[in-house]
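Computed from a predicted model, the values in this text were never measured in an experiment. Per chain, numbering begins at 1; letters A, B, ... match sequence-line order.
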2 protein chains.
Amino acid sequence: MSRRSGVLEFAVLGLLRESPMHGYELRKRLNTSLGVFRAFSYGTLYPCLKTLVAQGWLTEEAAPEDPLATAPLGGRRAKIVYRLTPEGKEHFEDLLAQTGPDAWEDEQFGVRFAFFGHTERDVRMRVLEGRRSRLEERLERMRASLARTRERLDDYTLELQRHGMESVEREVRWLNELIETERAGRGRAKGRPAETGRDDTDPSDTTK
Amino acid sequence: MSRRSGVLEFAVLGLLRESPMHGYELRKRLNTSLGVFRAFSYGTLYPCLKTLVAQGWLTEEAAPEDPLATAPLGGRRAKIVYRLTPEGKEHFEDLLAQTGPDAWEDEQFGVRFAFFGHTERDVRMRVLEGRRSRLEERLERMRASLARTRERLDDYTLELQRHGMESVEREVRWLNELIETERAGRGRAKGRPAETGRDDTDPSDTTK
DNA sequence: GTTTTCATGTAACCCGTTACATGATTCA
DNA sequence: TGAATCATGTAACGGGTTACATGAAAAC
C-alpha cells in the first residue's frame with residue numbers, strides 16, 4: 001500500500017486545513033487556488049486520500065447535505081467529505097517546519113511557497129535562501145558546461161541554453177526580492193491576509 | 001518489453017546522428033550538449049538503447065580500440081559503441097518532420113528545439129507557433145482562474161501565480177522573437193551557423 | 001428524457017529512479 | 001596496490017497517467 005507523494009500529500013493536508021472538502025472539489029483547487037501546479041488525476045488523488053485516512057490524518061464523512069448520508073443502506077455511494085484530524089493538522093505543521101534540501105527542489109518549493117501564509121518567518125527565510133543557493137549551483141554548472149562546449153554547439157542549442165540560464169537568473173532575482181522583503185519585515189505572515197489590495201504592505205503591487 | 005520514451009529516444013537518435021558513441025558518453029552529452037535537460041539515469045538509458053537496437057535503428061559494435069573486441073572469449077564485456085543505421089536515420093528524419101501537438105508540450109519542445117539545426121524551416125515555424133499558442137492558452141486559463149479566485153487567495157499564493165504567469169509571458173515573447181527571426185530569413189538553418197551575437201555578457205570567458 | 005456535469009473508484013500501464021552488482025582502466 | 005573513474009547492466013520500486021466502470025444530480 002501507500003502512495004506517498006510528498007507534494008500531493010502536502011497540498012491535500014494544506015487545503016483541507018482551511019476547510020473540509022470532497023475529492024472532486026479538492027482536485028479543482030489543486031489547479032486553481034494552489035496555482036499553476038500540475039493537475040493530479042483522480043487515479044492519483046483518490047488512492048492518496050485513502051492512505052491519508054489510513055494514517056489517521058483525515059476522516060471520511062458523508063456530506064451533511066447528502067440525503068444518502070443518513071440512509072442505513074449499505075453499498076450506496078455518497079459524497080465523501082474529508083476532514084483534517086488533529087493528528088493530521090499536527091503532521092502538517094511538522095511538514096511546514098521542515099527545511100531540508102527537499103524543500104528547495106522544484107516541485108516541493110512550489111507547494112511550500114503556496115503555504116507560506118501558514119509558515120513561520122524563519123522557516124520561510126531558510127526555504128527561500130535554500131532555494132536560491134540551489135539555483136545558483138545550477139547556474140554555476142550551466143556556465144561551466146557552456147564554457148566547455150561552446151564551440152561545438154550550433155546556434156539553436158546555444159540559444160536554448162542561453163534562454164534556460166536567463167530563466168534561472170530571473171528566478172534568482174525574484175528570490176532576492178522576496179528575501180529582501182522578508183528581511184524588511186514586510187513579509188505577509190501567518191494567517192494575516194494583509195488585505196489583498198488597498199492596504200499597505202506593498203506599493204509596488206499593481207496587477208489590478 | 002519496450003521502454004519507449006519519446007524524448008529520450010529522440011535525443012539518442014539525434015546525438016548518434018552526429019557520431020557513434022557508447023552509452024556512458026551518450027549520457028553525459030544528454031546533460032551538456034543537449035543542454036539544460038534532465039539527466040537520464042543508466043537504468044533508463046541502457047534498456048532504451050537495447051530496444052532501439054531491437055528496432056533496427058542502432059547497431060551495437062565493440063569499440064575498435066578495445067582489445068577485447070577481437071578476443072573470441074565469451075562473457076567478457078567490452079565497450080559497446082552504438083551507431084545509427086540508415087533505417088534509424090530515416091526514422092529520426094521522420095520524427096524531425098512531425099509537427100503534431102506533442103511537439104509543443106514542455107518536454108518534447110525542448111528536444112525539438114535542440115535539433116532545430118537539422119530541421120526544415122517550415123517545420124521549425126510550425127513547432128514554434130504551436131508552442132506559442134499552447135502557452136497562450138495556458139495564460140488564458142491562468143488569467144481566468146485568477147480572476148475567479150483573486151480575493152480568496154493570500155498574498156503568497158497570489159505572488160506565486162503572478163510570477164508563474166510572468167514566466168510564461170516571457171517565454172511567449174521569446175518565441176515571438178524567434179518566429180520573427182525565422183520569418184526574416186535569418187533563422188540559422190540546417191548547418192549554417194550565424195553569429196552568436198547578442199550574448200557577449202562575459203568576455204572574460206576562457207576555460208577551454 | 002437525455003445529455004452534462006458531478007463524483008468516486010480501480011486496473012493496467014508508463015516512464016523513470018535507486019540501489020545494487022560487476023568488471024575494466026587510469027592514476028596517485 | 002589501491003582508489004577513483006569509466007563502463008554496463010538489472011531488479012525493485014515510485015509516482016504518476018489512461019482508460020475504464022459506475023452512478024447520482026443538474027441542466028437542457
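Put simply, A:Thr44 has no side-chain N or O that comes within less than 4.0 Å of OP1 or OP2 on D:dG15. The phosphate of C:dT8 has neither OP1 nor OP2 within less than 4.0 Å of any side-chain N or O from A:Tyr42.
Separation of atoms CG (B:Asp106) and CD (B:Glu171) is listed at 7.5 Å; rounding is to 0.5 Å. Here the CD atom belonging to B:Glu166 is positioned 9.5 Å from the CZ atom belonging to B:Arg170, to the nearest 0.5 angstrom.
Partners of A:Lys50 under the side-chain hydrogen bond (donor to acceptor under 3.5 Å, both in side chains) rule, at least two apart in sequence or in another chain, are A:Glu60. By the side-chain hydrogen bond (donor to acceptor under 3.5 Å, both in side chains) test, A:Tyr46 is found to be paired with no residue, residues two or more places apart in sequence or in another chain being considered. For the salt bridge (charged side-chain N to carboxylate O under 4.0 Å, His left out) test, residues two or more places apart in sequence or in another chain that qualify with B:Arg134 are B:Glu105, B:Glu137.
Taking the six-membered ring where tryptophan is involved, the planes of A:Phe109 and A:Phe116 are perpendicular, since the angle between them exceeds 60° and thus also 30°.
Whole-Å rounding puts the A:Asp102 CG to D:dG15 P distance at 11 Å. A:Glu25 has its CD atom 16 Å from the C1' atom of D:dA25, to the nearest Å. Between the CG atom of A:Leu45 and the C1' atom of D:dG15 there is a distance of 14 Å, rounded to whole Å. Look at CD on B:Glu105: it is 16 Å from C1' on C:dC14, rounded to the nearest Å. Rounded to a whole Å, the CE atom of B:Met21 is 17 Å from the C1' atom of D:dT8. Rounded to whole angstrom, the span from the CZ atom of B:Phe40 across to the P atom of C:dT18 amounts to 13 Å. Rounded to an integer number of Å, the gap from CD of B:Glu107 to P of D:dG16 is 15 Å. As rounded to whole Å, 15 Å separates atom P of D:dA24 from atom CD1 of A:Ile80.
The rotation axes computed at either terminus of the helix from C:dG1-D:dC28 to C:dA28-D:dT1 lie 30° apart, taking five pairs at each end and rounding to 10 degrees.
Two rings, from B:Phe113 and B:Trp174, have their centers less than 6.0 Å apart.
Pairs of residues two or more places apart, or lying in two chains, that qualify as salt bridge (charged side-chain N to carboxylate O under 4.0 Å, His left out) and include a residue from residues 11-25 of chain A are A:Arg17-A:Glu93.
Remark: the backbone N or O of A:Leu96 is paired with a side-chain donor or acceptor of A:Arg112 at under 3.5 angstrom.
Comparing atom distances between the B:Tyr46 side chain and each of C:dT17, D:dA7, D:dG16 picks out D:dA7 as nearest.
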Protein-nucleic acid N or O pairs under 3.5 Å, nucleotides 4-6 of chain D:
residue: D:dC6; atom: OP2; partner: B:Tyr24; partner atom: OH; Å: 2.9

